[in-house]
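Note sheet for the following structure.
Predicted, not measured: the structure shown is a model, and the values here were computed from it.
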Amino acid sequence: MRKRATKRRQSGHFNAEAYEEDKVRSLFPGTSWSPDDKEPMRDQSYTKNVKPRSKNQAELMESIDSHNLVMALGPAGTGKTYLAVAKGVEALEKGEVGRIVLSRPAVEAGESIGFLPGAMEEKLAPYLRPLYDALADRLSPKRLKALMAEGLIEIAPIGYMRGRTLNNAFVVVDEAQNCTYAQLKMLLTRLGWNSTMVVTGDPAQTDLLPEMSGLATIAEKLETVDNIGVVRLQKEDIVRHPLVASMLTVL
């Protein structure tokens with residue numbers, strides 16, 4: 001077959017147009033896709049954009065863009081942590097901040113886990129798992145591992161935040177309802193230059209004694225301060241299973 005085609009070319013009887021029509025087959029049958037097309041059938045890259053699914057979620061995202069300190073209060077499933085982490089990853093990818101710092105209190109949900117073996121990171125891993133899950137949904141595992149190895153993403157318990165100044169960082173304080181008034185005061189005063197801090201929590205689901213949680217009191221006081229955003233999400237903003245919203249109306 002190859003020799004015959006070579007002889008046709010040499011003899012001048014080779015018809016290139018006929019060869020293209022007879023021999024070339026579509027790479028994707030049923031489509032007219034070609035590598036030369038300016039707008040190919042498939043996108044060359046995939047970006048997962050985050051969009052608000054309720055009015056209050058839109059208010060939260062706008063507040064993060066326009067304030068250096070935002071407090072997001074609301075019931076479980078309203079996207080507080082997810083939106084905060086998503087905005088942090090977005091700011092890091094755009095170069096608006098130099099790192100992401102995620103902090104969470106190591107408080108058990110009404111049940112004593114007991115002794116956990118391993119180094120400090122391994123002991124804290126169960127408490128910080130929700131933050132890992134939110135990050136993994138925004139970044140590939142390889143990218144997440146690389147950013148954490150470089151120190152561009154740091155996950156730290158609240159007990160290790162004393163004395164720090166967080167400059168050029170996007171800070172997310174999750175599950176703040178499990179922080180005392182003194183702890184929240186300490187965390188809020190860590191805010192440095194060119195930084196954004198988002199504090200999330202549900203005052204109705206604290207694992208501390210009700211009088212020990214300082215989130216509701218702090219939010220009420222900061223709501224009167226200019227340039228601080230306080231967004232209160234409601235059960236209508238829940239984006240988990242519809243039963244979650246129904247249960248919260250009676251529980």
Side-chain angles (χ1 to χ4, degrees), residues 47-105 128 130-139 144 147 152-156 158 161 164-179 184-203 215-216 218-240:
T47 303
K48 187 175 181 181
N49 296 319
V50 175
K51 295 181 180 180
R53 298 182 62 180
S54 69
K55 181 180 178 181
N56 287 333
Q57 286 188 354
E59 182 184 349
L60 174 58
M61 296 180 71
E62 292 172 3
S63 186
I64 293 174
D65 290 333
S66 58
H67 296 84
N68 292 109
L69 176 59
V70 178
M71 301 198 71
L73 283 66
T78 51
K80 305 181 298 296
T81 302
Y82 185 85
L83 291 177
V85 172
K87 296 297 286 186
V89 172
E90 180 182 323
L92 181 65
E93 295 286 354
K94 288 182 178 179
E96 297 174 355
V97 296
R99 56 179 170 155
I100 297 174
V101 180
L102 308 176
S103 188
R104 198 170 188 264
L128 304 177
L131 298 178
Y132 285 109
D133 292 340
L135 283 170
D137 195 69
R138 302 301 306 154
L139 298 166
L144 175 57
L147 290 174
L152 299 181
I153 294 181
E154 176 188 353
I155 301 181
I158 286 174
M161 299 292 282
R164 301 184 63 181
T165 301
L166 303 174
N167 294 319
N168 194 30
F170 194 102
V171 186
V172 178
V173 180
D174 190 35
E175 298 292 339
Q177 75 273 7
N178 289 333
C179 296
L184 282 174
K185 183 178 178 180
M186 178 270 292
L187 286 168
L188 295 173
T189 54
R190 301 305 97 200
L191 188 65
W193 292 103
N194 190 38
S195 292
T196 298
M197 179 179 290
V198 183
V199 181
T200 70
D202 178 10
L215 180 60
I218 288 277
E220 289 176 4
K221 291 185 177 182
L222 293 182
E223 206 162 8
T224 61
V225 180
D226 294 335
N227 299 323
I228 294 180
V230 178
V231 180
R232 299 182 185 274
L233 298 135
Q234 308 298 329
K235 66 178 186 300
E236 293 80 11
D237 303 306
I238 294 176
V239 292
R240 287 181 185 163

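- Looking at heavy atoms from C-beta onward, V225 lies out of side-chain contact with L69 at the 4.5 angstrom threshold.
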request  = Just do the side chain to side chain contact (heavy atoms under 4.5 Å, CB included) check on I155 and Y132 with the steps written out, would you?
outcome  = CA-CA 9 Å; I155 301 181; Y132 285 109; 3.6 Å; yes
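- Minimum interatomic distance between S103 and I158 (heavy atoms only, all atoms of both residues): OG-CG1, 3.2 Å.
- Taking CG of L166 as the start and OG1 of T189 as the end, the distance is 10.0 Å to the nearest 0.5 Å.
- Of the N and O atoms on the side chains of E175 and Q177, at least one donor lies less than 3.5 Å from an acceptor on the other residue.
- The closest side-chain heavy-atom distance from E90 to V50 is not below 4.5 Å.
- Closest approach of K51 to M61, counting heavy atoms only: C-SD, 4.4 Å.
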task = Tell me, with the steps shown, if L102 and L135 meet side chain to side chain contact (heavy atoms under 4.5 Å, CB included).
result = CA-CA 10 Å; L102 308 176; L135 283 170; 3.5 Å; yes
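- Between the side chain of R138 and the backbone N or O of A134, no donor-acceptor pair lies under 3.5 Å.
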request  = Carefully, step by step, assess I218 and L188 under the rule side chain to side chain contact (heavy atoms under 4.5 Å, CB included).
outcome  = CA-CA 10 Å; I218 288 277; L188 295 173; 3.7 Å; yes
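- Nearest heavy atom pair, residue M161 against residue A156, reads SD-CB, 4.4 Å.
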inquiry  = Apply side chain to side chain contact (heavy atoms under 4.5 Å, CB included) to residues L222 and M71 and explain how you reach the verdict.
reply    = CA-CA 9 Å; L222 293 182; M71 301 198 71; 3.5 Å; yes
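- E220 contributes atom CD, which lies 10.0 Å from atom CG of L215 (distance to the nearest 0.5 angstrom).
- Closest approach of N194 to V97, counting heavy atoms only: O-CG1, 4.3 Å.
- Distance alone, capped at 3.5 Å, places no donor-acceptor pair between the S63 side chain and the E59 backbone.
- Atom CZ of R53 has 12 or fewer neighbouring heavy atoms from other residues, nucleotides or ligands inside a 6.0 Å radius.
- When atom types are taken as modelled, the side chain of R104 and the backbone of D174 share no donor-acceptor pair closer than 3.5 angstrom.
- Remark: side-chain polar atoms of S195 are paired, donor with acceptor, to backbone N or O of A169 under 3.5 angstrom.
- Of all the heavy atoms in A84 and V198, the pair that sits closest is CB-CG1, 3.8 Å.
- Interatomic distance, T78 OG1 to Q57 CD, rounded to the nearest 0.5 Å: 7.0 Å.
- Using a 4.5 Å cut-off on side-chain heavy atoms (C-beta onward), K80 and V231 make no contact.
- To the nearest 0.5 Å, atoms CG (L131) and CD1 (I100) are separated by 11.0 Å.
- When side chains are defined from C-beta on, P52 does not count as touching L60, because their heavy atoms never get closer than 4.5 Å.
- Between M197 and V101 the shortest side-chain heavy-atom distance does not fall below 4.5 Å.
- Sorted by first and then second residue, the pairs that involve residues 227-240 and meet side-chain hydrogen bond (donor to acceptor under 3.5 Å, both in side chains), not counting sequence neighbours, are S54-D237, N56-D237, E223-R232.
- The two residues L187 and C179 have their closest heavy-atom pair at CD1-SG, 4.3 Å.
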